[in-house]
Amino acid sequence: MNPENYLYLSSILFVIGAVGVLVRRNAIVVFMCIELMLNASNLAFVSFARLNGNIDGQVVAFFVMVVAAAEVVIGLAIIVTIFRTRRSASVDDPNLLKL
Amino acid sequence: MMPHLADGFTSPTFEYQLLAPMLIVFGGAIVGVLVEAFTPRGPRRTVQVALGLVTLVVAFVVLLAVTRPKLGDLAASGTVAIDGPAVFFQGTILVLALLSFLLFVERGVDSAGDAFTPSGATIPGSASERELVAARVSQTEVWPLALFSVGGMMLFVASNDLLTFFVALEVMSLPLYLLVGLARRRRLLSQEAALKYFLLGSFSSAFLLFGSAFLFGYSGSISFTGIYDSLSSGVGLDPLLLIGTGMVAIGLFFKVGAVPFHSWVPDVYQGAPTPVTAFMAAATKVAAFGAMLRIFYVALGDYDWNWRPMFWVVTILTIVVGSILAITQTDIKRMLAYSSVAQAGFILTGVTAASDSGLSSTMFYLVAYGFATIGAFALVTLVRDGTSEATHLSRWAGLGRRSPIIAAVLSLFLLSFAGIPLTSGFIGKFLVFEAAVNGGATPLVIVGAIFSAVAAFFYVRVIVLMYFSDPPDDAPSLALPGAATTLAVAVCAAGTVALGVVPGPVIDLAQEAAAFIR
Amino acid sequence: MIELLAATPQTSTGEAVAFWCLAPIAVGAAVMILLSRKAVHSALWMATTMIVLAVLFIMQGGIFLGVVQVVVYTGAVMMLFLFVLMLVGVDASDSFVETLRAQRVAGILLGAGFGVLLMAAVSRATFPEAVGVGAANDAAGGHVEAIAEAIFTRYVFTFEVVSIVLITAAVGAMALTHKERLTPRRPQPEQSVDRIRSAHPTPHPSPGVYAQHNAVDTPALLPDGTASEASVPDELRRQGTVRYTELEAANRRADEDGERE
Amino acid sequence: MNDFPVLSILGLLPFAAAVVVGFLPHGRELLAKQIALVVSLVMLALTVAMAISFEPNAAEPFQFVEKTPWIEQFGISYALGVDGIALVLIAMAVSLGPVVILAGWNDADDNERHRPQTYFALLLALLGTIVFVFAATDLFLFYVAFEVMLIPVYFLIGMFGRGQRTYAAVKFLLYSLFGGLLLLAALIGLYVVSARELGTGTFDWTLLAGMPIDPDTQKILFAGFFFAFAVKAPMVPVHTWLPDAAASATPATSTLLVGVLDKVATFAMLRMVIPIFPDASEWAAPFVVTLAVISIVYGALVAIGQTDMYRLIAYTSVSHFGFIILGIFAFTEIGGSGSVVYMVAHGLSTAALFLVAGFLVKRRGSSLIPSFGGVQRVAPLLAGFFLVAGLSSLAMPGLASFVGELTVLIGSYQRWPVAAVIAVIGIVLSSLYVLIMYQRVAQGPETENVKGMRDAVPREVVVFAPILALTLAVGIFPKPVFDVVNPAIERTYSFLQVAPVEPEVPVGDVTTDGAATDGEDS
Amino acid sequence: MNAAAVVHWSEGGQQVVSDATGVFGLTWLLIALPLLGAVVLLLGGRRTNSFGPLLATALVGVAFLLGLVQFLQMVGEPAADRSFAQSLFTWAPIGDFSVDVGFQLDPLSMAFVLLVTFVGGLVHVYSLGYMANDPDRRRFFGYLNLFVASMLLLVLASNYVLVYVGWEGVGLASYLLIGFWNAKAEYATAAKKAFVMNRVGDIGMSLAIMLMVTTFGTTAFSGVFSGVEQASSGVVLAMGLLLLLAATGKSAQLPLQAWLGDAMAGPTPVSALIHAATMVTAGVYLIVRSNPIFDLSDGARLAVVLVGVLTLLFGAFVGTAKDDIKKALAASTMSQIGYMILAAGLGPAGYAFAIFHLLTHGFFKAGLFLGAGSVMHGMDDEVNMRRYGGLRKAMPITFITFFVGYLAIIGIPPFAGFFSKDKIIEAALADNVWLGVAAILGAGITAFYMSRVVFMTFFGEQRWADDVHPHESPRSMTVPMVLLGIGSVVLGYVLYSGSRIVLWLEPVVGPEEEHELGIPVLAITAIIIAVTLVGVAIAYSMYLRKPVPVQAPLGTVVTRAARQDFYQDAFNESVFMRPGQYLTRFLVFFDNRVIDGFVNGSAALIGGGSARLRRWQTGFVRSYALSMLAGAVLVVGVLVLVRL
């Protein structure tokens, strides 16, 4: 098998994540889709690490996980705050800011 | 295995002199967190304010006194490059942050306190919120968060590998997501802005990260130097480089608010507490452009004939759409937001030059733009309807007669944005256009010139309103700015004029600093 | 195992089999994230994808990473997601009716286009022989050691900066969710004493009693026909949305007029 | 000359005065006016002194030169100096200063929104920028002054104008900015070219003039420069800002705007466009001349159809600017010198027309021609002023414009006979628009509209007298102006390749008045 | 002021133009005196009301005396030395080109100086009485002085630019004086019409000047005339035609004649001076002055002749139909100038006779106009001849002077007009039979319409309204009339005898060309007188033997057409004015809607684009993400495209 296949997989997952951001309305699901995109990136990093024989790719992936975790905390905090105010987790509901 | 590890482990070098400003800012922020935890509520705010301002001042002094003489070295095992542009941008960020912090401090314009909600956790309009307002509590976490963000920006412009680059981006962004949601007035808007900023910001980070992966895949290295070195070699992997370049660019375009990645800008600028808007509009833009310059001039430096067309397209779109959209805005914060989009387009014109003069002109423009932006947003905080800011443009009618000074100073900033001579904006525009023409991007300059006139229309519209129209019957009240805001506005105005009349020294600085190391 | 998977630069047949089994699962689970009506289902599909990815990491020599992926991502992060899902209502399900015109079609088309661009790029690239991370691992004396060395030497500054991200997260979460108390919580005995000492030892009348409506915003009518302010929640009174009966409203207006004169 | 920085003082003095005047407190309106008047008179005195010590036939292009580095990184300096053309135009502008201030003495008194202090501060600031724009020998400095000039005018129209003042002010500003920004782009292009040609980039006129630039680049840069100046001039079809601005501004503002400020464009064509882009100028000349002729005829025809005095005067200016540009692009000394005299003359005649029309409008409260009639019956002096102003506009011999118009026509006929023949139609049309307006306003039976209208007051006479005196002086004895302008024009056209036009049958040596030596030794 | 004697070529041989010295050095005073009067009166304001008119009159008188002295001095000089040049200062020096304010006093200009100052002086005197009751008479005299100054400048100028200055100056004075009573809207319109039509003619002048500068590098007479031989024939023809165009405007010749009739709106002294005696003859002066140009171009001369002959017939026909005494006289003026132009067009054979007729006409036509003014004065400003009749008893002096003028104009020997017109007709006959026939026909018609005027005014029964009491005019008015009458009697013979006028002008226009006539001169004279008498007889039968109806009869088609000036105004209106107005209106619309509309439209377009684009900012975070993804496709797509 060709190691590039990992990259195809990574690309597919990234795109699915991106599409998910566009089509899902639940803020938490949207956020999960973003996490999926990050995961896809990690896969790419790891695959490239292997292709290039450079462990740095794995290190980056490791850092990404840490950062993603922190991001999740903040993101969920924001979502919870909004939910408390609006009783809704739909990303379509907050649209006072427009035009 | 242990002995083996010990053998191979070489202690990392740490060039403290070069990293000191960043470390000071981060350190100050961490102390701030501790203060948050251990200081009683009474003096807490005072301590935080003092800590924040002192940190920035000290960092700036150290930057000038200690770091600057040593610049030109990689630091922290090559992950950070403290070269001319880095120091220049770090200094700019520190100054702009200091000015924005002065707006954070201000409690004089809103009878209830500063611009931040007393507690982000309370439900807007609830009893407990009122209680907290009555007790004049403040959300003092703002200070360490803002400092973290400043530190992230400083690292962002100095990062020399993809990893540090990404981490710095997040360090810079995460606190901003939070700060945006902490407005005292119109909290629904503020929270909405935070959610939008956060979701779209993460979305763009994902693009950037994916692009980084491809750059890594292309070059086999995550350091910018490594990527640059591999540019000539990896012919077969070129498609990866293309994808990587494009997607990293997308992440940065988002941060600078370039079209079509700009849609967050108006919403977030409008929803955020105005001092935060000022901070974001000025400092974030500097940081993002700094990072953009570094990655495209250092890592992709010899690759410009490939990425410049993409910049052309985005630059033109940004200038055109930003200028046009600003015309029909009715809210001054949104108008300024679109103006900042258009301005990003002009700065991109300089970036597109891909030359030393492109670099130095962009640097100058960012300084000029930063001052004017902070000044303009500072003035926005002063015109108030009852309690909250009167941001609808119609409320600004006739301001020239009621408060000649506010109107005059705002006009100064607007004229600077419009690029009228004797203001900093004109020199900035002149420099970036010069760089672009020199770099063969004349059509961009022509588009820029034409749409500068379109852009001038909406700046002028505000001046028309202020001077040529009659004030509404229930004219908004004009808050008397406190010392902090006054100082900030005065510095910004002075900077705007000084950079317009005697730009020489700063151009010198920028030109001297305009040399990246690889 | 480590040698088998990590050290080989080339894909073995085993890896190929594993990949072809796992990749469809990952993609399928990812698609299911999008298709699940309930957020909680999406979360579970997400976890599935992540676990599959962990295996793929390990297959490519990222053993440490695979473990971290399971522990940190699938373990901690996904739990956080689920936790918040519980908080905002685990039963909440998205309506599948798209409200934004053309959003879904455009999104899918653009996504497909973007995917084609990405995959075309990958397919057009001619990769050299994969090197594998084995050599790097060996140089450092082992896989974990190699990562450790990178983290603690080359990227130690970055590593430390990452701590800032974490602190930010903590501070941020606090700022957005923690409500500070201004006054110490009063113990129950004191509350009951106060109650007895107040003018109203008995419970306040409930709203709507003797009134036309049985709603919270309609004040109760006292025997003399006047409205009892105390019967509506403070919040509503402050907001000025108390619904008086017509008679009462008329009386109040008259009173106000009298005061004005 | 000497080291006395007369040009800087001339330019900066009004700015300083503007600051002082602008910050005078309420109740000191009169003082503000007096300061403004005194400052403008001091400027006039300085200019006269400068003109006296000016040497027309000096070898170096500029006199009273000042030069201080400004933005050294880009070869930009604060460089001032005047040649004959600039001297004449500065003199014209500065002469109009006191006139305009006196004419606008009460313009801002009944303005509810804004104070007279602001009005006079803006007028002074405008005078200052005008000096800089004519005196700058550094193109960057010129551009700065060129753009900064817009700001006071913008506020003068928007704050103190009438009718659709906001629309007019914004239109004026946007038009000018649009042109100005393209000029900026071209200026930058020029700088880049200069860096390539000369090693270091510069904005210094003395280095740029005559610099070799390849023809294609020249054409592009020429287009940028010319467009900006065509907007400013204004030429058809980019003229429509002018009628609106003129109809809305106070007469004093219009005078400075049309009479002086727009001259910057034609001045810059002579000063910059031709010496720096000689090849492109020659290349584009047929096109420019065509536009100029269209402007002449079109402007006059549209002027005839106007019902608003101010708009009418504005359109006449469109026509007159056509003549000026025609003269410039004739590339003959007669045409060039004539166009400079025409600039001066047009400044004076426009001033007279706007100011006298302003006196009338002030009395009647309307600028519509039909709202007058028979003014001569009630205010003969005012009507007389109006007629003289009109005659000046239609180039009556004895008045300044005649000198300009005739020489421009002669000069352009030498190079572009067909254009000149068409342009001559302008002299018929000019009599139409002037006389129709005069007839409807001043002649005919006394109408209800003008009953009880006061004749000219002494202040108005004092305003009109110097304009008339200057108009007559230049009209009857223009030689001093020609003597000063000729060398500069000669220098300007020396950059061109075109052959000078020689008479087919030269008879110069047997004339009683045409001998070449007359100029110097008689 | 300039280098000493320079050579001036003329067909007649060498003419020496010497520097003006002595009394000739005062030439500038001729212009300065009336100019001073104009300045004092116009700028002096009401203070000069009392003495202004007298001052103005006196200044013109002094100018006349000065001219007379100069004339006498000049007569004393040998014929070849009668040209003097004076240069005051250089007006516009540009490189090799320069224009001087310089004068040339030679026999031709001398003749005009005397005519202008003498007739002008008399008209001033006349006006003292005529305008005695006008509140604005100070202004009137100011304008008159301005006119005299301009006219003198015109005839004294030594270069075409300066001629042009005077040319425009008289135009301005004419405008001001026609519109002097502009409270009447038609009068203001008439003034404007005169000015504008003159300006149409001025196009010719301007273009001629441009052509001269381009060809010769100078506009000085000396330079132009010395260079004209070397110029190409096309250039010379063009110059001639352009100067002719200028002349038609100023001299009210076809096709620019329409203003003259309306110009009668001005006060009658104005009509006498400007629109009969002097200004309208400027065209003749211009052509005669430019004789070296016309000498060289047969084409140009042919055009001149055609214009002259057509106008003389046109004017004559129009004159037969006018009931307004001044308009009848105006038509006559037009016709008589037609004679002069015709003569001038005949070249060396006719120049002197053109000037001859010009001088005699100046006297008798001025006298006729002053007489008409006197009649109007006595008739409460009634101008309709059908309302006159039998006035010879009421105003005998007016009648006699008028009658003398009448005899002069119809060419009864030995009155002035006889000699001058006879000479022109002879020259025309010699040139071309048909020209001669036309000229003789014109003489007949002249006799008819002038007889008509005299009969309707002074003979027959009284037809005036009841409240009108005709009376003789005051002395100030009658004295000038008498003086002019004397001139009308004697001037013809004085100038004719011994070919005085021909010899006088010879230094300027060259010697008279002898012409061959197929028939004896006396026969021609007889024919002319016969035709004239026929004209008188017809008039007698129509207007003296039959009563003149107060209401004008409808008349024939021709009469009606002539009354309407052969529909020239209608023609101008429908061909120039209306289309011009439509064009103007269209252009105003075009300017506001199309050009400005384009500008405002672009602004609106941008605004509309903004409003439309703004709708993309929906507030939905997912839409924003969508646009970002679209942007991503765009960015990556561009990158990929570049590599393709």
Side-chain angles (χ1 to χ4, degrees), chain A residues 1-9 11-20 22-26 28-29 31-33 35-36 39-40 42-43 46-47 49-56 58-59 61-63 65-74 76-81 83 89-90 92, chain C residues 11 15-16 19 23 26-27 30-31 33-34 39 42-43 46 49-50 53 56-57 60-62 65 68-69 72-73 76-77 80-81 84-85 87-88 92 94 99 103-104 107-108 111 114-115 118-119 122 127 130-133 135-136 146-147 150-151 155 162 165-166 168-169 172-173 176-177:
Chain A
M1 187 198 78
N2 196 333
E4 292 159 46
N5 288 341
Y6 288 104
L7 297 177
Y8 290 120
L9 177 61
S11 301
I12 291 169
L13 292 180
F14 185 85
V15 169
I16 292 173
V19 173
L22 305 188
V23 300
R24 291 304 300 258
R25 261 176 289 175
N26 187 316
I28 297 169
V29 179
F31 194 20
M32 279 194 279
C33 290
E35 290 299 319
L36 181 61
N39 268 286
N42 275 351
L43 179 59
V46 172
S47 307
R50 181 228 201 146
L51 280 167
N52 292 321
N54 188 341
I55 200 84
D56 283 357
Q58 293 191 12
V59 176
F62 168 72
F63 276 92
M65 285 179 199
V66 181
V67 170
E71 196 172 293
V72 166
V73 171
I74 285 174
L76 290 178
I78 291 173
I79 292 171
V80 166
T81 315
F83 178 78
S90 165
D92 284 359
Chain C
T11 44
E15 191 186 343
F19 178 83
V27 174
V31 172
I33 302 173
L34 270 60
S42 293
M46 180 79 206
T49 314
M50 286 179 171
L53 284 180
L56 293 179
F57 290 168
Q60 300 199 72
L65 218 51
V68 174
Q69 169 89 351
V72 175
Y73 242 133
V77 174
L80 197 57
F81 268 107
V84 173
L85 273 175
L87 202 68
V88 304
D94 261 6
T99 45
Q103 171 82 7
R104 195 175 290 174
I108 290 170
F114 193 63
L118 288 182
M119 290 198 279
V122 173
F127 290 91
V131 182
V133 291
I147 290 181
I151 291 174
Y155 303 115
V162 165
V165 178
L166 295 174
T168 305
L176 286 186
T177 50

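Numbered from 1 within each chain, the chains take letters A, B, ... in sequence-line order.
- The CG atom of Leu43(A) sits 10.0 Å away from the CG atom of Leu65(C) when rounded to the nearest 0.5 Å.
- Between Phe14(A) and Phe114(C), the two ring planes are tilted [angle within 30° to 60°].
- Here the shortest heavy-atom pairing between Ala173(C) and Ala77(A) reads CA-CB, 4.1 Å.
- Although no hydrogens or angles enter the test, the distance criterion places no donor-acceptor pair under 3.5 Å between the side chain of Glu35(A) and the main chain of Tyr73(C).
- Note on Val77(C), Thr177(C), Val84(C), Ile147(C): by heavy-atom pairs under 4.5 Å with chain A, the leading option is Val84(C).
- With a threshold of 4.5 angstrom between heavy atoms, Val162(C) approaches chain A through side-chain atoms but not through N, CA, C or O.
- In this structure Asn52(A) satisfies the side-chain hydrogen bond (donor to acceptor under 3.5 Å, both in side chains) test with no other residue, sequence neighbours excluded.
- With chain C as the partner, the residue from Ala68(A), Cys33(A), Ala49(A), Ser47(A) showing the most heavy-atom pairs under 4.5 Å is Ser47(A).
- The two residues Asn26(A) and Ala39(C) come nearest to each other via the heavy atoms ND2-CB, 3.5 Å.
- Contacts of Glu4(A) classified as side-chain hydrogen bond (donor to acceptor under 3.5 Å, both in side chains), with partners at least two apart in sequence or in another chain: Asn2(A).
- Counting heavy-atom pairs under 4.5 Å between each of Ile78(A), Ile55(A), Asn39(A) and chain C puts Asn39(A) at the top.
- Among Leu53(C), Val72(C), Thr49(C), Thr168(C), the residue making the largest number of heavy-atom pairs under 4.5 Å with chain A is Leu53(C).
- No other option in Val59(A), Ile12(A), Val80(A), Val46(A) has as many heavy-atom pairs under 4.5 Å with chain C as Val46(A).
- Contact of the Val66(A) side chain with the Val165(C) side chain is not registered, since no non-hydrogen atoms from C-beta on lie closer than 4.5 Å.
- Closest approach of Leu36(A) and Met46(C) over heavy atoms only: N-CE, 3.6 Å.
- Chain C forms the most heavy-atom pairs under 4.5 Å with one residue out of Leu13(A), Asp56(A), Val19(A), and that residue is Asp56(A).
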### Query
Stepwise, does the side chain to side chain contact (heavy atoms under 4.5 Å, CB included) test hold for Leu9(A) with Leu56(C)?
CA-CA 11 Å; Leu9(A) 177 61; Leu56(C) 293 179; 3.3 Å; yes

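- For a residue to count as touching a neighbouring chain, one of its non-hydrogen atoms must lie under 4.5 Å from one of that chain's; by this rule Ala18(A) does not touch chain C.
- Of the atoms belonging to Val15(A), it is side-chain heavy atoms, and not backbone ones, that fall under 4.5 Å from chain C.
- Heavy atoms closer than 4.5 Å to chain C are found in the side chain of Phe63(A), but not in its backbone.
- Annotation: maximal heavy-atom pairing with chain C below 4.5 Å, among Asp92(A), Leu7(A), Leu51(A), occurs at Leu51(A).
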### Task
Could you walk me through whether Ile33(C) and Arg24(A) pass the side chain to side chain contact (heavy atoms under 4.5 Å, CB included) test, one step at a time?
CA-CA 9 Å; Ile33(C) 302 173; Arg24(A) 291 304 300 258; 5.7 Å; no

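- Nearest heavy-atom pair across Gly107(C) and Leu22(A) is CA-CD1, 3.4 Å.
- For a residue to count as touching a neighbouring chain, one of its non-hydrogen atoms must lie under 4.5 Å from one of that chain's; by this rule Ala43(C) touches chain A with backbone and side chain alike.
- Taking CD1 of Ile108(C) as the reference point, atom CD1 of Ile16(A) lies at 11.0 Å (rounded to 0.5 Å).
- For Phe62(A), the parts sitting under 4.5 Å from any heavy atom of chain C are the backbone and the side chain alike.
- Residues Gln58(A) and Gln60(C) approach most closely at NE2-O, 4.0 Å, considering heavy atoms.
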